[in-house]
**Student:** 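There's a structure below that I have some questions on.
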Amino acid sequence: MSEPTSESLKTSRFTYRHLQGLRHGSTATPLRVIAHIDLDAFYAQCEMVRLGTPRETPLAVRQWDSLIAINYAARPFGITRLINVAEARKLCPDLVLQHVATFREGEGGRWAYRDDSFKNIQTDKVSLDPYRAQSRKILQTMKDTLATWSTNDAEGETSRQTQGVSAGLEKASIDEVFIDLSPVVFKVLVERYSELRTGVQDENRDTQLPMPPTTALQWDTDCLIDLNDSETEEDDPDWDDIVMLIGSEIVRSVRNAVWEKLSYTCSAGLGRNKMIAKLGSACNKPNLQTIVRNRAVQNFLGSYKFTQIRMLGGKLGEQITEVFGTEKVSDLLNVSLEQLRAKLDDHTASWLYGIIRGDDRSEVNPRTQIKSMLSAKSFRPSIRSVDQAEKWLRIFAADIYGRLVEDGVLENRRRPRVITLHHRTSQPQPHSKQTPIPPSSTIDENLLFDLANNLLRQVVAEGQAWPCSNLSLSVGSFQEGVTNNRAIESFLLRGDQAKALSHASRPRDADTPPTEQPTEKRRKLDDEMIKQFFGKPSSPENTGASGPEIPQPPLEAETEVAEIPRYTCPRCSRSILEYEREEHEDWHFAKDLASQDREDARALQPPPPPTTSSIRGSFSRGKGGRGGGGRGKPEKGQMRLAFQ
DNA sequence: CAAGCACCC
DNA sequence: GGGGGTGCTTG
């Protein structure tokens with residue numbers, strides 16, 4: 001082990017700047033902690049819970065003649081989603097086969113579990129509502145548990161500035177979430193390690209942190225990814241190991257709460273970003289969590305095909321495979337950035353270069369609310385009349401309306417602004433028609449049905465509607481209701497005041513360029529400009545300049561009384577409430593960090609996610625023929641990039 | 001805006 | 001493969 005004399009003098013690889021990045025959820029800090037939590041065979045577990053089936057009982061969820069979820073007890077029998085019901089029964093005679101709930105023609109918007117649904121593919125439509133309901137409960141339990149970590153003060157002393165931190169939670173699908181644990185891990189970290197509490201002056205932000213006092217970490221039941229070849233478990237842990245340990249403790253408590261309260265198991269991955277966390281959660285299933293420490297990232301990623309990395313599972317991954325003649329991350333590591341740039345557009349090249357080295361700065365989008373709702377049905381055989389189609393539109397409208405009610409249409413919390421009808425004929429490519437939902441209308445089943453029906457008439461009128469093999473209805477572009485609107489308006493008002501204030505009192509901020517109207521917009525008609533103003537309330541300096549993850553400096557409340565102590569910030573000359581001083585200083589610090597990030601970005605090329613048509617030059621896909629060479633990178637794109 | 005495309009479970 | 005989702009680009 002370590003010699004107490006020389007080793008104890010060692011300092012951490014990390015600085016106070018890195019630590020502050022953790023506090024504010026900076027996407028760049030190497031101390032960041034992201035979790036991905038994935039419910040195990042989710043639909044199957046929903047049915048097990050609903051039916052009270054023991055965990056050892058093999059169970060599969062059935063949709064018509066297919067299996068859409070298989071629990072872990074059934075998997076040893078060789079049952080997969082690719083086989084049909086008859087084959088599954090043969091492999092496992094005792095298999096519990098539960099059909100999904102369905103709507104039935106003529107029974108309104110009520111779904112039900114029916115014994116005979118599998119025989120009624122012609123009249124029934126699948127309902128996933130039971131699973132959405134469970135998903136909501138699980139999400140809420142996760143949030144509640146995270147909240148206990150955020151507000152619980154162990155000692156009451158250190159929590160002064162760290163209380164109320166919240167973990168950003170992104171619902172990635174019905175059975176997956178990403179959590180940015182950074183702020184809450186920071187809170188726990190400074191509570192447990194008093195040596196990290198010392199304030200530090202601006203000019204000392206890059207001072208190394210002291211080494212953690214610990215020499216061995218207790219990882220409990222976690223699964224650890226092996227360290228890179230160059231690393232050894234005998235080395236003392238640094239803070240990036242400690243934050244993962246704290247993160248894993250938090251995630252374990254979240255998973256435990258979901259189990260104790262709702263009887264669901266889930267698996268989790270922890271790492272320094274979303275890509276790593278996501279790959280990690282799939283490593284040890286079911287009911288386990290996997291930690292990818294920073295010192296294990298190279299080893300971890302080296303074993304993957306890059307086509308398994310998020311965003312590379314589709315055509316982009318396919319194209320990269322063709323161009324470079326390999327699917328392996330380890331092979332692609334030997335390709336220089338210049339070589340990547342020769343074959344891919346700059347955007348994609350630098351993103352790819354970073355991502356295979358474990359660099360992913362994408363944010364956890366703190367989003368829980370649904371953005372669109374879709375109700376669909378495939379027809380075998382195809383349908384060929386308006387009459388038949390209308391019956392399904394009734395069911396779609398009822399389905400979606402029921403979900404809108406759950407979402408709060410009745411209380412006017414949210415309402416969709418657009419409705420879309422998708423249809424498919426024998427051609428593989430589906431088509432769609434959409435139309436606005438009249439803003440003043442009361443949304444109900446009939447309204448949705450009428451709008452859908454109008455769209456259907458349009459499709460029919462254009463010909464090519466029959467035979468129809470697939471039909472679906474969706475609503476989207478949600479608008480927040482009046483209650484929230486008032487809150488937003490007052491927020492915007494405060495935002496304007498903030499701007500006025502900042503222009504008046506801040507010396508000069510390179511971050512906030514003088515107001516500059518995009519020239520092409522000048523040509524627009526006045527009323528369009530007005531519409532745009534109200535439609536896009538965030539001005540360039542609001543969206544771009546301060547960066548999404550950086551909190552604005554606290555604003556003074558209008559109702560404030562004079563006796564609250566204040567101080568004048570030496571950096572921006574603003575008068576700040578004394579009790580908000582620390583936060584304000586942190587804000588400056590975050591701003592500094594952000595500009596540092598941007599400088600880094602200019603030098604290194606930032607890693608934004610790839611977009612379409614990323615292959616450079618004449619490489620073209622089967623159809624369309626637009627390789628993307630033309631849309632390279634005008635200067636404006638660069639500017640925008642720098643601000644993101 | 002409307003429509004399509006890519007990617008994900 | 002069927003039933004849902006998200007985000008982006010293009011005309």
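Side chains included, hydrogens not; waters and symmetry mates left out as well; all remaining heavy atoms used. Naming convention: chains lettered A, B, ... in sequence-line order (proteins, then strands); numbering from 1 in each chain.
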**Student:** NA contact type, A/R310, heavy-atom cut-off 4.0 Å: base, sugar-phosphate, or nothing?
**Tutor:** sugar-phosphate

**Student:** CD1 of A/I83 versus C1' of C/dG2: gap in Å, rounded?
**Tutor:** 17 Å

**Student:** Side-chain N or O of A/S378 versus OP1/OP2 of C/dG1: is the shortest distance under 4.0 Å?
**Tutor:** no

**Student:** With a 4.0 Å limit, can you tell me whether A/H431 has a side-chain N or O closer than that to the phosphate oxygens OP1/OP2 of B/dA3?
**Tutor:** no

**Student:** Remember a base hit wins even if backbone is also touched, and classify A/R403 as base, sugar-phosphate or nothing at under 4.0 Å, heavy atoms.
**Tutor:** sugar-phosphate

**Student:** So, OP1 or OP2 of C/dG4: does either fall under 4.0 Å of a side-chain N or O from A/R132?
**Tutor:** yes

**Student:** Taking salt bridge (Lys or Arg N to Asp or Glu O under 4.0 Å) as the cut-off, I'd like each qualifying pair that reaches into residues 128-139 of chain A, sequence neighbours left out, listed once.
**Tutor:** A/D129-A/R132, A/R136-A/E406

**Student:** Can you measure A/D40 atom CG to B/dC9 atom P for me and round it to whole angstrom units?
**Tutor:** 15 Å

**Student:** With the side chain of A/K315 defined as its heavy atoms from C-beta on, choose the nearest nucleotide among B/dG4, C/dG3, B/dC7.
**Tutor:** B/dC7

**Student:** Ignoring the backbone of A/Q434, work out which of B/dA3, C/dG1, C/dG3 is nearest its side chain.
**Tutor:** B/dA3

**Student:** Taking CD from A/Q458 and P from B/dA2, how many angstroms apart are they, rounded to a whole number?
**Tutor:** 10 Å

**Student:** With A/F396, which residues qualify under side-chain contact (heavy atoms from CB on, under 4.5 Å), at least two apart?
**Tutor:** A/K125, A/S375, A/K377, A/W392, A/L393, A/L471, A/L473

**Student:** Let me know the distance between CG of A/N84 and P of C/dG1, rounded to the nearest Å.
**Tutor:** 14 Å

**Student:** Which of residues 365-377 of chain A sit near DNA chain C, with a heavy atom under 4.0 Å from it?
**Tutor:** A/R367, A/I370, A/K371, A/S372, A/M373, A/L374, A/S375, A/A376, A/K377

**Student:** In this structure, how many angstroms lie between the P atom of C/dG1 and the CD1 atom of A/I68, rounded?
**Tutor:** 16 Å

**Student:** Please list all pairs meeting ring-ring contact (aromatic ring centres under 6.0 Å, His included) that have one or both residues in residues 459-480 of chain A, counting only residues at least two apart or in different chains.
**Tutor:** none

**Student:** For A/D115, which residues count as a side-chain contact (heavy atoms from CB on, under 4.5 Å) partner, sequence neighbours excluded?
**Tutor:** none

**Student:** Taking NZ, NE, NH1 and NH2 as the nitrogens, is one of them in A/R50 or A/E47 under 4.0 Å from a carboxylate oxygen of the other?
**Tutor:** yes

**Student:** Students often get this wrong, so: under 4.0 angstrom with heavy atoms, is A/S66 touching a base, only sugar-phosphate, or nothing?
**Tutor:** nothing

**Student:** When you check the phosphate oxygens OP1 and OP2 of C/dG3, does a side-chain N or O of A/W64 lie under 4.0 Å from one of them?
**Tutor:** yes

**Student:** Return whichever of A/L67 or A/A172 has its heavy-atom-nearest nucleotide of DNA chain C closer to the 5' end.
**Tutor:** A/L67

**Student:** Figure out the NE2/C1' separation between A/H422 and B/dA3, and round it to whole Å.
**Tutor:** 10 Å

**Student:** Within a reach of under 6.0 Å around CD of A/Q464, are more than 12 heavy atoms found that belong to other residues, nucleotides or ligands?
**Tutor:** no

**Student:** Select base, sugar-phosphate, or nothing to describe what A/R424 touches, counting heavy atoms under 4.0 Å on all strands.
**Tutor:** nothing

**Student:** Start with the C-alpha distance between A/K285 and A/D40, add both sets of side-chain angles, then the distance that settles salt bridge (charged side-chain N to carboxylate O under 4.0 Å, His left out), and finish with yes or no.
**Tutor:** CA-CA 7 Å; A/K285 282 179 143 284; A/D40 301 317; 2.9 Å; yes

**Student:** Starting at atom CG of A/N470, determine the distance to atom P of B/dG4, rounded to an integer number of angstrom.
**Tutor:** 14 Å

**Student:** A/E170 has an atom CD; how far is it from atom P of C/dT6, in whole Å?
**Tutor:** 11 Å

**Student:** If you look only at distance, which donor and acceptor atoms sit under 3.5 Å apart when one is on a side chain in residues 419-428 of chain A and the other is two or more places apart or in another chain?
**Tutor:**
| unit_1 | atom_1 | unit_2 | atom_2 | d |
| --- | --- | --- | --- | --- |
| A/H422 | NE2 | A/S474 | OG | 3.4 |
| A/T425 | OG1 | A/Q427 | N | 3.4 |

**Student:** Looking for any heavy atom pair under 4.0 Å, which part of the strands does A/K278 touch: base, sugar-phosphate only, or nothing?
**Tutor:** sugar-phosphate

